[in-house]
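These notes are about the structure you will find just below.
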2 protein chains.
Amino acid sequence: MLMQGANSNSSLTPSLKRPAVRMPASEERAGSIELMGALMPFGRNSEIFGENESADYLYKVVSGSVRSYKVLVDGRRQIGAFYVPGDIFGLESGDTHTFSAEAITDCKILVIKRSAVMALAARDPDVARQMWAATARELARVQAHSLLLIKTAQERVASFLLEMAERVAADGLVELPMSRQDIADYLGLTIETVSRTLTQLEKTAAIGVPSSRRILLRNRSALRRLNA
Amino acid sequence: MLMQGANSNSSLTPSLKRPAVRMPASEERAGSIELMGALMPFGRNSEIFGENESADYLYKVVSGSVRSYKVLVDGRRQIGAFYVPGDIFGLESGDTHTFSAEAITDCKILVIKRSAVMALAARDPDVARQMWAATARELARVQAHSLLLIKTAQERVASFLLEMAERVAADGLVELPMSRQDIADYLGLTIETVSRTLTQLEKTAAIGVPSSRRILLRNRSALRRLNA
DNA sequence: CGACCATTTGATATGGATCAAGCGATGTGG
DNA sequence: CCACATCGCTTGATCCATATCAAATGGTCG
């Protein structure tokens, strides 16, 4: 399943190379989770894991960005989350992934064997607590996302921009790694509505759109006011 | 904050009585979390905790049912979850609750001090793992709820009925503890739409509605087909 | 330059919201 | 025990935000 990352795209061959730093087992302690994984490259649009695959690994974005999504029976795609450098993903309840994950851009992902984490967590309460905390953070994100989905188009787009700004912006300029279609599928809207809403926000001077992937936040408090 | 359960309603005085079974500290082991709490009664519509209050306790429904919700700035109320006997709630990311919780019906809630759980988890990896698992289950539920919110009215109502059926039904007959308004706020619809959708499902013989709080699932596969 | 894909813009359709009224059950006071 | 108020729910009529269908524009890469 991990290998699918390779074939669905590109000439990248993510040969699972040993991480540079590897502590002897006795040294594995709280905070060392990140030293337990292997750094793997994924090409744009390649699959990192698929829905219903067994969740044998955890993932941490080192560079690039990732979308998690689910395709509904009627063909609609719902994006559950965008992950940017620093984010951990692949935390799921059971032993199988409930979402798929794809690289939005070329990216480097730290891939960590879940069983190793579990084993470590069984010995080290602090590691267990860290995993709990990571899951709880994810829970909070999903809850916030739920709240998005009951808002109006303007509110959703405004919330999205503010969210991305927090995570990825250099002083007011948000560089979006994802397409309008990705945004639409994240917000539960159509690309047309996303596009129209952006032009609308531009007209009211809340934002600027120098290029389609670059959004300048001119008036954050106006956006926050829309945040309902 | 805990006391609000008492005053906002009824003559019940939830005097924090000691639980019947109380193990000496040395005996507190995995699975004993439930012995660490106090059983408290809450009257219908009374508040169990409020948004932004510090999350000092975890809760487990023993009898009755509970709604968690958030009131948005514009006055709309979004219900995040319904909890029935056996469910744990009040797990939040940080140290403050992000939702409020109210008793839908009179209920009995096991109230557990979070710090006690945390302390125990620090010593006992299995407890920590259990808490992680509980949080992960909650995460899965919220994710499922997110997916609901992008569906059509029919799909949302059908999914809701199937969800409640799994949790609360005695062979096909779902006894709803909550009002149409609660359902509407959970599904991100209006009560009119919920009502209309139910009559519509009744006409297609997918369900029966002997009384407004009792729903008979006549044709689950039809509902599942709607589940998109 | 030309083909292709992403995005924007325009015209129309529609699902669910909103506004408004009717109905049935439950409870209260006479 | 019945008249009446109240509350929760259903049903009806209309409106509106967003979807859908369709076309134009712009940006990128061979």
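Lettering follows sequence order; numbering is per chain, from 1. Keep in mind that the numbers below use all heavy atoms, side chains included, and drop hydrogens, waters and symmetry copies.
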In terms of relative ring orientation, are A/H97 and A/Y59 parallel, tilted or perpendicular, with 30° and 60° separating the classes? tilted
Starting from [atom2] on [N], measure out to [atom1] on [X] and report it in whole angstrom.
{"X": "A/L187", "N": "D/dA17", "atom1": "CG", "atom2": "P", "answer": "19 Å"}
{"X": "A/L189", "N": "C/dT7", "atom1": "CG", "atom2": "C1'", "answer": "16 Å"}
{"X": "A/E155", "N": "D/dT18", "atom1": "CD", "atom2": "P", "answer": "9 Å"}
{"X": "B/I150", "N": "C/dG16", "atom1": "CD1", "atom2": "P", "answer": "13 Å"}
{"X": "A/R44", "N": "C/dA6", "atom1": "CZ", "atom2": "C1'", "answer": "11 Å"}
{"X": "B/R213", "N": "D/dC7", "atom1": "CZ", "atom2": "C1'", "answer": "11 Å"}
{"X": "A/E202", "N": "C/dT7", "atom1": "CD", "atom2": "P", "answer": "15 Å"}
{"X": "A/Q181", "N": "C/dT8", "atom1": "CD", "atom2": "C1'", "answer": "14 Å"}

Classify the side-chain pair B/E102/B/Y69 by whether it contains a donor and acceptor separated by less than 3.5 Å. yes
Quiz question: by atom type and distance under 3.5 Å, do the side chains of A/S146 and B/S146 form a donor-acceptor pair? yes
At less than 4.0 Å, is any side-chain N or O atom of [X] found next to OP1 or OP2 of [N]? Yes or no.
{"X": "B/R180", "N": "D/dC7", "result": "no"}
{"X": "B/T190", "N": "C/dG16", "result": "no"}
{"X": "B/S195", "N": "D/dT10", "result": "yes"}

With sugar-phosphate meaning primed atoms plus P, OP1 and OP2, does [X] contact a base, only sugar-phosphate, or nothing at under 4.0 Å between heavy atoms?
{"X": "A/T199", "value": "sugar-phosphate"}
{"X": "B/L198", "value": "nothing"}
{"X": "B/T152", "value": "sugar-phosphate"}

Angle of first-five versus last-five pair axes in the helix from C/dC1-D/dG30 to C/dG30-D/dC1, to 10 degrees: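 Comparing the first five pairs with the last five, the axes sit 30° apart.
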Ignoring hydrogens and angles, answer whether the base of [N] and the side-chain atoms of [X] contain a donor-acceptor pair closer than 3.5 Å.
{"X": "B/R156", "N": "C/dG16", "value": "no"}
{"X": "B/R196", "N": "D/dG12", "value": "yes"}
{"X": "A/E192", "N": "D/dC21", "value": "yes"}

Take atom NZ of B/K70 as the centre, draw a 6.0 Å sphere, and report whether it contains more than 12 heavy atoms from other residues, nucleotides or ligands. yes
To the nearest 0.5 Å, tell me how far A/L176 CG sits from A/I104 CD1. 10.0 Å
Kindly say whether the aromatic ring centers of A/F82 and A/Y186 come within a distance under 6.0 Å.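 For A/F82 and A/Y186, the ring centres are under 6.0 Å apart.
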Answer yes when B/E166 and B/R224 have at least one side-chain N-carboxylate O distance shorter than 4.0 Å, and no when they do not. no
